[in-house]
Every structure is written in C-alpha cells, then in structure tokens.
Amino acid sequence: MFSKILIANRGEIACRVIKTARRMGIQTVAVYSDADARAPFVKMADEAVHIGPAPAAESYLVADKIIAAAKQTGAEAVHPGYGFLSERTSFAEALAAENIAFIGPPVGAIAAMGDKIESKKLAKEAGVNVVPGFVGEIEDTEHAVRISNEIGYPVMMKASAGGGGKGMRLAYNETDVREGFASVKREGLNSFGDDRVFIEKFILNPRHIEIQILGDQHGNILYLNERECSIQRRHQKVVEEAPSPFVTPAMRKAMGEQCVALARAVGYHSAGTVELIVSGADPTGESFYFLEMNTRLQVEHPVTEAITGIDLVEQMIRVAAGEKLAMTQDDIGIDGWAIENRVYAEDPYRGFLPSTGRLVRYRPPLEGWTDDGSANGRRGVGGVRIDDGVYEGGEVSMFYDPMIAKLITWGETRNQAADLQIRALDAFRIEGLGHNVDFLSALMQHPRFRSGELTTGFIAEEYPDGFHGAAASDDLLRALAAIGGVIATADADRARRIDQQLDGQMLPPGDWTVQIGERDYVVSLEEEAITVDGEPVALEMEYTPGEAMVDVEWGGDEETAGDVLTLQLKPTRTGYAITTRGATHQLRILPTRIAHLAGHMIEKIPPDLSRLLICPMPGLLVKLHVGEGEEVQPGQPLATVEAMKMENILRAEKQAVVAKINAAEGDSLAVDAVILELE
C-alpha cells in the first residue's frame with residue numbers, strides 16, 4: 001500500500017480524497033493555485049505545494065508542475081479527482097515515466113473511451129446498444145446539415161472530447177444546426193483542445209442513467225448498480241439518485257452486464273462510469289443506449305456509496321496499489337435510497353446566471369460526516385452527508401466550477417431521502433452570493449419528481465418561464481402568518497423592556513395583521529393559543545429576538561408529531577423575510593388596530609430595459625452578430641458571451657435597430673454591462 005499520495009485537484013473532491021486517505025493511514029499532498037491558498041483542502045493535507053496562478057491553464061492543468069510536486073514530496077501515487085487532468089492520457093503516461101502510480105484506469109482505456117467517436121465504435125463491437133447517428137469526423141456546417149437531415153430531427157451535436165455539459169447543442173431543424181454547429185466546435189476547442197463534433201439522434205422522453213463500474217488489475221470487474229441523473233440543466237446534472245425509480249432488476253442486470261463487457265473490452269480497472277440514455281417512452285425498459293464512459297470518479301459517486309456501503313475512493317487506491325477486489329458481484333446489494341443535490345453559486349431567480357463572489361456567511365446543515373469505515377460513514381450523520389470544499393469568508397472563484405457543496409441524503413425509501421433533502425436545504429445558511437438552494441428544494445417537493453416520472457427535459461418543461469420560488473400551500477402560508485405574529489410579539493416585548501424604548505407598563509399587541517403577498521392574515525395570540533383568521537394553528541417554537549435561524553414544529557396534535565420547518569429570518573423595514581421550503585416570503589407585520597391606516601405596500605414599477613442588451617453575467621464577449629444601424633428581428637442573435645467556458649447566445653426580444661455598440665469582441669464584461677443599445 002502507498003504511504004503518501006498527491007491529489008491533483010482542488011475543492012470538495014480534494015477534501016473527499018484526503019478523508020479516505022487519512023482513514024487508511026496514508027499521508028496526503030495537496031497542490032494549490034494562488035486562488036486556493038487558504039482553501040480547506042490545503043489545510044487538511046499533510047503537505048501542500050503551490051503550483052501557480054489562479055487560471056487552471058497555469059496551475060491545475062500543468063502536468064509538469066504536478067509531477068514536480070509529487071517528486072519533491074515523495075508521493076508514490078496521484079489521485080486526479082475529476083475534471084482537470086483526470087482523463088488526460090498524456091498525464092497518466094507522464095506519471096508512469098516517472099514511476100508514479102496513477103490512481104485511475106490504464107492509459108489505453110482512457111484513450112479508447114476519451115474519444116466519443118471511437119468509444120461508440122468500441123461499444124458497438126462489444127455488444128453494447130448505441131444511439132443511431134453519424135460516427136466519424138464532420139467536415140463543416142454543410143456536412144453537418146446533410147447528416148442531420150439523414151438521421152432525422154431532433155439531433156444532438158456534441159464535441160467529441162466534451163464533458164460536463166460543455167460542447168453540446170440540441171437541434172430541432174436545419175436552422176438550429178447552422179446556428180449551433182460552429183459554437184459546438186468552438187466550445188470543444190476552447191474547453192478540451194479538440195474541435196471535432198459528432199451528431200446522433202435525440203431520444204424522446206430521455207432518461208439519463210449511468211452504471212458504476214469497478215475493476216481491479218486481475219481481471220475482476222463489477223457493476224455497482226445504477227444512478228438516475230435525468231434532472232439536468234443545459235446538460236449539467238443537478239440531481240442524482242441511486243437506485244433509479246425507473247430501472248427494474250432485469251433492466252439493471254442487462255445494463256450492468258453490457259457495461260462490464262465494454263469495460264473488459266478495453267482492459268479497464270479502477271472506478272469508472274458508463275453513461276446511458278434510456279427511452280422513457282419504452283415501458284419495457286429495453287431501449288437503452290451507450291452515451292459515453294467517464295474513466296474517472298464521478299461527482300455523484302456518494303449516492304452509490306450510500307446504498308452499497310463501498311468507499312469508491314478507497315477501492316481506487318487499493319486497485320492502483322495492485323490489490324484484488326475484496327467483493328464479488330453477488331456481494332453488491334441495494335440498501336435504501338440516496339439522493340444528491342449540487343449546491344451551486346448561481347442565481348435561479350435570474351435565469352441561473354453564475355453568481356461568483358465571497359461567502360460572507362456559510363453554515364452547512366451539518367459540520368462534517370461520520371468517517372468510521374462503515375456503511376453509515378458513507379451516509380453521513382442521521383442520513384445527511386455534506387461534501388464541500390469552501391469556507392466562510394472564502395470566495396467562489398470565477399476561475400473554477402461554481403460548486404459550493406454537495407448535499408447527500410439517505411433514507412430507507414425514496415420519499416424519506418427526499419424529505420431529508422428538504423429539511424437539510426432549509427438549514428443551509430449561505431450569504432454573500434446567489435445560490436440555488438431554493439430551486440433544489442422546489443425540485444424535491446415537485447409532484448412530478450415525487451412520482452419518479454423524470455426526463456432530461458424536466459427543468460425546461462416544468463419551469464418554462466424560469467424559477468420564481470417554490471409554491472406554498474395555504475396551510476404553510478397560515479403557519480408563516482402565525483410565526484410572524486409570534487416573532488413580532490417577542491420583538492415588541494423585548495423593545496418595551498429596553499430602557500427608553502417603550503413605557504415598561506405597555507404590553508405587546510395581542511393581535512397582528514400579517515400581509516404575505518396579496519393576502520392579509522389576522523393573527524391573535526392569547527396565552528399559549530394562536531389563531532389565524534379565527535382558526536387555531538398548532539405551533540411550537542422558541543424564538544429569541546435577533547436569531548437568524550429558527551426551528552418550528554407545526555400542524556401536529558397530542559398524538560401526532562407535527563412537521564418541522566427550519567426558517568431563515570431577515571428583518572425588513574416593515575416585518576421579516578422568511579426563507580423556507582424553497583422560497584422567501586415577505587411578511588409585512590403591523591398591529592391590527594393600525595393596519596388599516598397603513599394600506600398596502602406601493603409596488604415599485606421597474607424601469608423599461610428592453611432597449612438595452614445587458615450582459616447577464618460576468619464573461620467574455622466572444623462574438624458580436626450585428627453592427628450599428630442594422631435592423632434586428634425577435635429571436636435574432638445579437639451577441640455571444642462565454643462564462644464558465646459555456647457560450648451563451650443573447651437574442652433580440654423585439655424588432656429594433658441597433659443604435660450604439662458599447663463593447664468589442666474580446667472584452668471582459670461585468671454583470672449588467674450594456675453591450676449595445678436599440679431603438
């Protein structure tokens with residue numbers, strides 16, 4: 001076994017590898033850029049080596065610097081995590097040349113599966129179902145149009161070396177191919193150094209299901225069940241779960257055996273994932289097709305660990321050290337259900353635009369997780385596990401992936417795991433930048449998610465007009481009104497006790513009018529009884545004025561426990577903003593006796609910005625599609641902005657003429673920068 005390993009990565013995955021290595025008695029070396037000098041993974045490691053400036057191209061993607069750090073510290077092996085150099089054959093070859101073990105698959109397998117075109121050929125030869133499409137190099141846009149017409153729309157254009165949702169465009173017609181093909185080539189070149197593109201048929205009602213593979217260097221290869229990854233946004237996974245609510249035992253066996261055959265065909269060992277597209281329109285479950293193989297650890301690996309009790313990072317290390325797998329296929333079971341949500345620095349209320357910046361406040365629902373080597377260690381404390389690599393006061397940098405944390409929950413049933421997600425998401429306290437916690441909570445509550453009727457189009461179909469907060473039931477709104485009355489009473493009572501604030505003889509009002517949205521609720525508090533509009537509300541809470549987070553039990557009775565709400569409170573000029581269950585509710589609270597004098601809040605009408613093309617995120621202006629004086633039509637591309645290595649096409653909202661252009665191609669733009677003006 002190795003005595004020291006280096007982690008060629010950063011953030012939460014570096015922390016994750018360090019935790020397992022520490023439990024195995026293996027020393028660790030971290031490498032870090034300027035941006036990560038104070039990051040948690042740097043402090044957790046036994047040693048740390050600085051490897052360059054913040055841009056990944058000058059640090060985490062420079063193989064020579066990482067190999068030099070390994071030689072300098074005496075590390076015998078390197079774990080690449082995911083992303084960066086994890087699937088670069090040249091990196092694995094360079095390590096081998098220095099007699100440093102690569103904690104991953106053999107070079108041949110990385111090369112074979114890293115090229116999406118070649119990997120489909122190999123999959124077909126190995127007896128794996130493949131999606132109908134064109135497997136070969138595409139010459140130019142006209143060639144792409146001819147191929148797409150032959151396959152039949154819709155089609156998916158993909159960068160051959162792509163991954164992580166980059167370099168992909170869905171085309172429903174010839175116009176979409178002509179507009180998108182060049183962008184796919186550019187994204188492939190900019191992100192992966194390879195501008196080759198392939199085109200394949202887009203599967204109707206598609207579900208994204210993947211099989212976890214684990215093999216050793218002695219010819220043993222297992223499949224560790226499946227993960228459902230259908231809930232995606234722009235081809236980037238948002239929610240993952242294991243097992244899948246769609247997959248039957250027979251389907252699981254058929255998928256698993258085909259994926260093992262593919263892994264065996266390329267001499268695979270270590271952990272890997274075969275991604276499949278499954279037609280949800282086929283009730284037999286037989287219509288599944290090979291998409292690609294990721295020759296590395298997946299972001300969503302914790303859900304597999306939770307239902308199998310197997311530490312995948314540990315197995316990768318043991319396999320790299322030459323050990324045989326200690327389990328057989330018959331040992332792989334399914335215990336309970338696990339769900340993972342990715343908490344990102346992005347603003348769902350503004351079209352999920354990146355929201356990088358400083359974490360002014362960061363308090364996850366759980367500090368750390370049990371690491372005792374048992375199945376419970378994979379599931380975290382009380383069924384809740386947090387994998388993160390950020391810290392309060394730190395920065396989510398524009399140079400890297402905007403992930404803040406991964407929230408993993410485990411329950412005996414799927415609904416239990418989802419309910420735990422909702423409670424834990426409520427307890428995330430994140431301030432200083434936008435985040436998607438409300439959106440994730442809304443997903444966990446959505447009736448369609450609960451039914452398991454998932455497709456990769458779930459988000460686009462269920463939120464066609466964007467996200468505006470999770471819908472609240474009438475019962476929840478009544479409970480929030482009651483909570484507003486309790487908080488207002490406590491605040492008023494505190495105020496009267498402070499010298500020179502109120503006459504000490506005055507008592508807080510017993511009746512409050514709480515306005516939530518367009519609705520007014522009359523809340524009365526008498527001793528321990530609370531009523532809303534004359535109807536009793538069961539509520540138990542302890543609140544001290546000034547608290548930012550409060551737990552409340554509501555809706556129960558003497559025989560049945562109530563539902564638990566975790567509330568995040570922010571005082572406002574007229575009451576409180578209360579965030580819970582995927583939405584922030586503005587409560588305007590006044591004593592009932594004067595509420596009628598105050599009237600309703602005057603709604604501020606926002607200015608008309610439709611004549612301006614505003615940059616919705618920090619990014620690089622890649623292309624201007626129009627010139628001054630040019631007439632544009634609704635939907636016409638005006639500019640392309642690259643952010644987080646993803647190209648975003650900004651289009652005209654209405655017919656107009658370009659009056660003035662304020663930016664040039666190649667400019668770095670701030671959020672809300674005016675790119676051009678229309679008249």
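The residues of the chain are indexed from 1 along the displayed sequence. All of these numbers come straight from a predicted model, not from anything done at the bench.
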Is there a side-chain contact between I339 and I408, using heavy atoms and a 4.5 Å cut-off?
no

Is there a donor-acceptor pair closer than 3.5 Å between any side-chain N or O of D216 and the backbone N or O of G219?
yes

Taking atom CD of E412 as the centre, does the number of heavy atoms from other residues, nucleotides or ligands within less than 6.0 Å exceed 12?
no

Any donor-acceptor pair under 3.5 Å from S86 side chain to G83 backbone
yes

Tell me whether T409 contacts the main-chain N or O of A417 through its side chain, where contact means a donor paired with an acceptor under 3.5 Å.
yes

Just by distance, do the side chain of W337 and the backbone of I307 share a donor-acceptor pair under 3.5 Å?
no

Output all residues satisfying side-chain hydrogen bond (donor to acceptor under 3.5 Å, both in side chains) with E340, sequence neighbours left out; order by chain, then residue number.
none

Compare all side-chain heavy atoms of V319 with those of E323 and state whether any distance is below 4.5 angstrom.
no

Starting at CE of M44, measure out to CD1 of I18 and round the result to the nearest 0.5 Å.
5.0 Å

With a 4.0 Å cut-off on N to O distance, would you call D311 and R16 a salt bridge?
yes

Which donor-acceptor pairs under 3.5 Å do side chains of residues 439-448 form with protein atoms, sequence neighbours excluded?
| residue | atom | partner | partner atom | Å |
| --- | --- | --- | --- | --- |
| S441 | OG | Q445 | NE2 | 2.9 |
| S441 | OG | G582 | N | 3.4 |
| Q445 | NE2 | S441 | O | 3.2 |
| Q445 | NE2 | R581 | O | 3.0 |
| H446 | ND1 | R448 | N | 3.0 |
| H446 | NE2 | E462 | OE1 | 3.2 |
| R448 | NE | E453 | O | 2.8 |
| R448 | NH1 | E461 | OE1 | 2.9 |
| R448 | NH1 | E462 | OE2 | 2.8 |
| R448 | NH2 | T455 | OG1 | 3.3 |
| R448 | NH2 | E461 | OE1 | 3.0 |

Does the side chain of D176 come under 3.5 Å of the side chain of Y153 through a donor N or O and an acceptor N or O?
no

Are the side chain of Q258 and the backbone N or O of N129 linked by a donor-acceptor pair below 3.5 Å?
yes

Give a yes or no on whether the backbone of V343 and the side-chain of K406 come within a donor-acceptor separation of less than 3.5 Å.
no

Sub-4.5 Å side-chain heavy-atom contact between V278 and M251
yes

Do F467 and D438 pass the side-chain contact (heavy atoms from CB on, under 4.5 Å) test, and can you show the C-alpha distance, the side-chain angles, and the key distance before you say yes or no?
CA-CA 9 Å; F467 178 69; D438 283 357; 4.0 Å; yes

Rounding to 0.5 Å, atoms OH (Y362) and NE2 (H435) come to a distance of 11.0 Å

Within the 3.5 Å criterion, strictly below it, is a donor on N225 or Q212 matched to an acceptor on the partner's side chain?
no

E346/R233 ion pair, N-O < 4.0 Å
yes

Taking the side chain as every heavy atom from C-beta outward, state whether Y344 and Q236 have any atom pair closer than 4.5 Å.
yes

Output all residues satisfying side-chain hydrogen bond (donor to acceptor under 3.5 Å, both in side chains) with K324, sequence neighbours left out; order by chain, then residue number.
none

Does a salt bridge link E93 with R88, judged by any charged N lying under 4.0 Å from a carboxylate O?
no

For R264, check side chain to side chain contact (heavy atoms under 4.5 Å, CB included) against everything at least two apart and list the hits.
I221, V260

Set of salt bridge (charged side-chain N to carboxylate O under 4.0 Å, His left out) partners for D195, sequence neighbours left out:
K185

Ion pair E125/K121, N-O distance below 4.0 Å:
no

Any chance you could lay out the side-chain contact (heavy atoms from CB on, under 4.5 Å) test for I26 and M1, step after step, and finish with the verdict?
CA-CA 9 Å; I26 300 172; M1 181 48 64; 3.9 Å; yes

So do the side chains of F91 and F102 get within less than 4.5 Å of each other, counting heavy atoms only?
yes

Quick one: pull up CD in E200 and CE in M156 and give me the separation to the nearest 0.5 Å.
7.5 Å

Do E210 and K237 meet the salt-bridge criterion of a basic N to acidic O distance under 4.0 Å?
yes

A side-chain contact here means heavy atoms from C-beta on lying under 4.5 Å apart; do L297 and M316 qualify?
yes

Given the rule in the side-chain contact (heavy atoms from CB on, under 4.5 Å) test, do T580 and T566 qualify, once you have shown the distances and angles that lead to the verdict?
CA-CA 6 Å; T580 190; T566 297; 5.6 Å; no

Report yes or no: does D331 contribute a side-chain atom to a donor-acceptor pair with the main-chain N or O of T328 at less than 3.5 Å?
yes

With heavy-atom distances below 4.5 Å as the criterion, would you say the side chains of I386 and P365 are in contact?
yes

Is a donor from one side chain sitting under 3.5 angstrom from an acceptor on the other, for T304 and R227?
yes

Report yes if some heavy atom in the side chain of V197 is under 4.5 Å from a heavy atom in the side chain of K158; otherwise report no.
no

Return the set of residues passing salt bridge (charged side-chain N to carboxylate O under 4.0 Å, His left out) with K253 (not counting sequence neighbours), or none when no residue passes.
E257

Please name all residues satisfying side chain to side chain contact (heavy atoms under 4.5 Å, CB included) with A123, sequence neighbours left out, ordered by chain then number.
V128, V130, L262, F290

Ignoring hydrogens and geometry beyond distance, is a side-chain donor-acceptor pair present between E275 and Q298 at under 3.5 Å?
yes

Would you please name every residue forming a salt bridge (charged side-chain N to carboxylate O under 4.0 Å, His left out) with D115, sequence neighbours left out?
R196

Using the side-chain hydrogen bond (donor to acceptor under 3.5 Å, both in side chains) criterion, which residues pair with D347? Sequence neighbours excluded.
none

Could you give me the CA-CA distance, side-chain angles and deciding distance for R10 and D401, then say whether salt bridge (Lys or Arg N to Asp or Glu O under 4.0 Å) is met?
CA-CA 10 Å; R10 62 176 299 281; D401 185 274; over 6 Å; no

Quick one: side chain to side chain contact (heavy atoms under 4.5 Å, CB included) partners of A112, sequence neighbours excluded?
L122, V266

Non-neighbouring partners of E226 that pass salt bridge (charged side-chain N to carboxylate O under 4.0 Å, His left out), sequence neighbours left out:
R252

Would you call the rings of Y463 and F458 parallel, tilted or perpendicular, where under 30° means parallel and over 60° means perpendicular?
tilted

Between CG of L276 and CD1 of I203, what distance do you get to the nearest 0.5 Å?
11.5 Å

Test: E300 and R342 ion pair at under 4.0 Å:
yes

Can you tell me how far CD of Q315 sits from CD1 of I310, rounded to the nearest 0.5 angstrom?
6.5 Å

Identify, with sequence neighbours excluded, every residue that meets side-chain hydrogen bond (donor to acceptor under 3.5 Å, both in side chains) alongside T295.
E87

Counting the benzene-type ring for Trp, do Y400 and Y60 have ring centres under 6.0 Å apart?
yes

Side-chain ion pair, R414 and E241, N-O less than 4.0 Å
yes

Out of curiosity, S287 OG to I277 CD1, how far, rounded to the nearest 0.5 Å?
11.5 Å

